[in-house]
Visitor: 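Would you mind keeping the following structure in view while I ask a few things?
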Amino acid sequence: MTDWAEGIETRNYGIKRRIDRRMFSELMRTILSLAMVAGTLVFHSWVRNQIIHTGYESQNLFAEEESLLRIHKRLMLEEETLRNPERIDAIARNDLGMAPLRPSQLVVPLLWEMESSLSTAVAMAYSEAFDLKKPAPAKRPANQSN
């Protein structure tokens with residue numbers, strides 16, 4: 001740089017690079033406060049996004065519940081329709097060729113006959129399942145000395 005009044009050129013040889021602590025601390029406070037504001041905005045947008053996502057999810061679950069309730073009602077109606085005795089009778093007569101029993105076809109077992117045949121059958125099954133012979137005695141090994 002030249003001083004035109006005196007006609008001599010001045011140089012900046014006396015300027016030294018130095019960190020000004022006051023300016024540096026002010027810069028750091030500014031950066032920190034801006035970072036806190038940015039973090040707050042990011043957190044707020046994340047929370048807002050989570051709330052919206054939860055709302056959509058609950059709406060989908062309510063719609064699915066409604067659909068399942070309609071299906072349940074439809075299945076209950078179908079079950080009652082399938083259990084209808086007139087429908088079962090019509091299928092048995094028309095499709096399967098069945099007819100109602102005549103009184104002569106009924107055979108009512110007597111109680112004492114059922115009990116005696118059951119006890120005999122159970123006793124016979126039990127005797128056949130197990131062989132009633134005495135088992136042979138097991139052979140003992142000869143005396144061993146250690």
Side-chain angles (χ1 to χ4, degrees), residues 1-2 9-146:
M1 184 154 130
T2 306
E9 187 175 331
T10 58
R11 307 248 179 207
N12 292 331
Y13 293 123
I15 297 176
K16 294 182 182 174
R17 177 175 264 179
R18 220 174 50 183
I19 297 176
D20 185 12
R21 292 188 189 278
R22 188 176 60 88
M23 291 298 285
F24 183 71
S25 66
E26 186 178 322
L27 177 67
M28 285 296 129
R29 281 189 299 225
T30 305
I31 289 174
L32 182 63
S33 62
L34 288 175
M36 287 176 59
V37 168
T40 304
L41 290 175
V42 167
F43 179 72
H44 176 71
S45 63
W46 178 77
V47 168
R48 181 98 171 147
N49 187 22
Q50 289 299 107
I51 289 171
I52 291 171
H53 177 72
T54 305
Y56 283 139
E57 189 175 343
S58 68
Q59 186 178 9
N60 288 338
L61 288 175
F62 282 130
E64 185 177 353
E65 180 187 20
E66 214 173 272
S67 171
L68 289 173
L69 286 174
R70 277 189 306 234
I71 291 171
H72 179 68
K73 287 179 182 177
R74 191 176 73 229
L75 288 175
M76 284 178 52
L77 180 65
E78 184 177 349
E79 179 186 14
E80 291 301 320
T81 304
L82 292 175
R83 284 187 176 188
N84 188 358
E86 290 88 22
R87 180 185 166 278
I88 294 172
D89 188 43
I91 290 174
R93 287 177 192 259
N94 299 334
D95 296 343
L96 301 175
M98 300 173 105
L101 290 176
R102 294 184 305 275
S104 63
Q105 288 179 312
L106 288 176
V107 177
V108 179
L110 299 173
L111 184 61
W112 63 272
E113 287 179 354
M114 280 182 27
E115 288 177 1
S116 65
S117 66
L118 264 174
S119 62
T120 309
V122 171
M124 295 298 281
Y126 187 76
S127 66
E128 291 174 3
F130 297 103
D131 193 8
L132 297 178
K133 294 180 185 175
K134 289 185 180 178
K139 293 184 181 179
R140 294 186 182 177
N143 287 339
Q144 298 177 1
S145 27
N146 291 354

Visitor: Among pairs that include at least one residue of residues 26-36, which meet side-chain hydrogen bond (donor to acceptor under 3.5 Å, both in side chains), considering only residues two or more places apart or in two chains?
Guide: none

Visitor: Name all pairs fulfilling the side-chain hydrogen bond (donor to acceptor under 3.5 Å, both in side chains) condition that reach into residues 62-80, sequence neighbours left out, sorted by first residue then second.
Guide: Glu79-Arg83

Visitor: Supply the atom-to-atom distance Ile88 CD1 to Leu96 CG, rounded to the nearest 0.5 angstrom.
Guide: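 Atom-to-atom, Ile88:CD1 and Leu96:CG are 11.5 Å apart.
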
Visitor: When you look at CE of Met28, are more than 12 heavy atoms from neighbouring residues, nucleotides or ligands closer to it than 6.0 Å?
Guide: yes

Visitor: Is it true that a side-chain atom of Asp89 and a backbone atom of Pro85 form a donor plus acceptor pair closer than 3.5 Å?
Guide: no

Visitor: What's the separation between atom CD1 in Ile51 and atom CH2 in Trp46, rounded to the nearest 0.5 Å?
Guide: 9.5 Å

Visitor: How long is the straight-line distance from CG of Leu27 back to CG of Asp20, given to the nearest 0.5 Å?
Guide: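 So the gap between those two atoms works out to 11.0 Å.
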
